[in-house]
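Written below as structure tokens is the structure these notes are about.
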Amino acid sequence: MKFSILITSFNKGKYIEECIKSCLEQTYNNFEIIVCDNYSTDNSEETFIKYKKEITLFKKKRISNSSVLNQIDLFKLGVQKAKGNFICLLDADDYFFPKKLEILRKKILKRPNIDVVYDLSLIKKNNVFEKFTLKKKFQKFIWPTIINSSSITISKLFLNKCLKNNVFEKFNYLEIDFRINVYSRCIIKNFLIINENITVYRFVENSVMYNLKRYSSKWWYKRFEAHEFMKALYKKNNLVYSNKIDFFISK
């Protein structure tokens, strides 16, 4: 079993070395590291040069002012280049614990046809760690608590299915993790959530989530897009999406 660790990056020079080193320190060694970068203008290049023998680097110009669309564009590039059976997504400001791939391999061997494996990360904020928890949702037709990108390991076969079904198209405000969570957990339902602490999600300033103020106009528009995305997916899969009250409030 081979893993492809797919790192998407833009101006994450402050964190990128720790990110790459965490991959190189894995106890399971059948993996590749693919870094897709939007021509960072900070000191990221120094790290890329330092680890040029250990990583495969691809660069692509930004296609938008939207960080979401740029990351999706890099993600698609990385998926095309990946050779692994399973792809571990990793944001450049996050990192893995050494046994992540070893633990994932054991879990996947027990369920070799699994589409997606999620782990519940540790959230690092101001050097303090807290465990990510799944919230109980009382609405039946609503998206689940979104598990962040760096805690997603997805089979190459399922990724190709996502691409074929346009899961990563349109909806300019919806990140990769939202799309994968909804498609795998609400529609296809062939996923596994594990409790092992194998990923660190770093809560940093200037991130998309950091700058999204609750109940702001952008927050409401993103919520409206989330409903539209779910409606489209449900319809495409011959399912009924029924969340009229929340949808019309957002609209």
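The structure presented is a predicted model; accordingly, all values stated were derived computationally and were not measured.
Residues K21 and E17 are not paired through a salt bridge, judged by the lack of any N-O separation under 4.0 Å between the basic side chain and the carboxylate. Taking the charged nitrogens against the carboxylate oxygens, E196 and K107 do have a contact shorter than 4.0 Å, which makes a salt bridge. Salt-bridge annotation for K59 and E45: present, with a side-chain N of the basic residue lying under 4.0 Å from a carboxylate O of the acidic one.
In this structure, CD in E228 is found 8.5 Å from OH in Y221, a value given to the nearest 0.5 Å. Annotation: the span from I114 atom CD1 to I108 atom CD1 amounts to 8.5 Å, rounded to 0.5 Å. Going from atom CD of E225 over to atom CZ of F178 covers 9.5 Å, rounded to the nearest 0.5 Å. The CG atom of L57 lies 11.5 Å from the NZ atom of K52; values are rounded to the nearest 0.5 Å. The SG atom of C162 sits 11.0 Å away from the CD1 atom of I187 when rounded to the nearest 0.5 Å. With rounding to the nearest 0.5 angstrom, the CD atom of Q71 is 10.5 Å from the SG atom of C36.
Judged by distance alone, the side chain of R214 and the main-chain N or O of W219 form no donor-acceptor pair under 3.5 Å. With hydrogens and angles ignored, the 3.5 Å screen pairs a side-chain donor or acceptor of N181 with a backbone N or O of I147. Without hydrogens or angle criteria, Q26 side chain to F97 main chain gives a donor-acceptor distance under 3.5 Å.
When the options T27, V117, I198 are evaluated for a side chain to side chain contact (heavy atoms under 4.5 Å, CB included) with I103, the one that passes is I198.
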Quiz prompt | Derivation and outcome, side chain to side chain donor-acceptor pair (under 3.5 Å), residues N197 and K131 | solution = CA-CA 8 Å; N197 298 327; K131 180 76 174 179; 2.4 Å; yes
Exercise. List the steps, then state whether salt bridge (Lys or Arg N to Asp or Glu O under 4.0 Å) holds for K222 with E175.
Key: CA-CA 10 Å; K222 183 176 180 179; E175 294 92 346; 3.0 Å; yes
Practice problem: Let me see the working for D119 and K100 under salt bridge (Lys or Arg N to Asp or Glu O under 4.0 Å), right down to the final yes or no. | Solution: CA-CA 9 Å; D119 60 89; K100 171 150 184 167; 3.1 Å; yes
Exercise. List the steps and the verdict of salt bridge (Lys or Arg N to Asp or Glu O under 4.0 Å) for K125 and E130.
Key: CA-CA 8 Å; K125 184 177 181 181; E130 62 180 66; over 6 Å; no
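Residues satisfying the side-chain hydrogen bond (donor to acceptor under 3.5 Å, both in side chains) criterion with E25, sequence neighbours excluded, are absent altogether. Remark: Y241 pairs with Y234 by the ring-ring contact (aromatic ring centres under 6.0 Å, His included) rule, at least two apart or across chains. With sequence neighbours left out, the side chain to side chain contact (heavy atoms under 4.5 Å, CB included) criterion links L157 to S155.
A cation-pi contact links R62 to F10, judged by a cut-off of 6.0 Å to the six-membered ring centre and 45° from its axis. The side-chain tip of K12 does not point at the ring of Y15 from less than 6.0 angstrom away and within 45° of straight on. For R223 and Y173, the positive end is not near the middle of the six-membered ring at less than 6.0 Å and at most 45° from its axis.
Between D37 and S9, the shortest heavy-atom contact is OD1-O, 3.1 Å. For L89 against F75, the heavy-atom pair with the smallest separation is CD2-CE1, 3.6 Å. Across F158 and D115, no two heavy atoms sit closer than the pair CD1-CG, 3.4 Å. Of all heavy-atom pairs spanning D246 and N243, the tightest one is CB-OD1, 3.1 Å. Nearest heavy atom pair, residue N43 against residue K14, reads OD1-N, 4.2 Å.
With ring centers used as reference points, Y201 lies 6.0 Å or more from F132.
Taking the six-membered ring where tryptophan is involved, the planes of F86 and F3 are tilted, since the angle between them lies from 30° to 60°.
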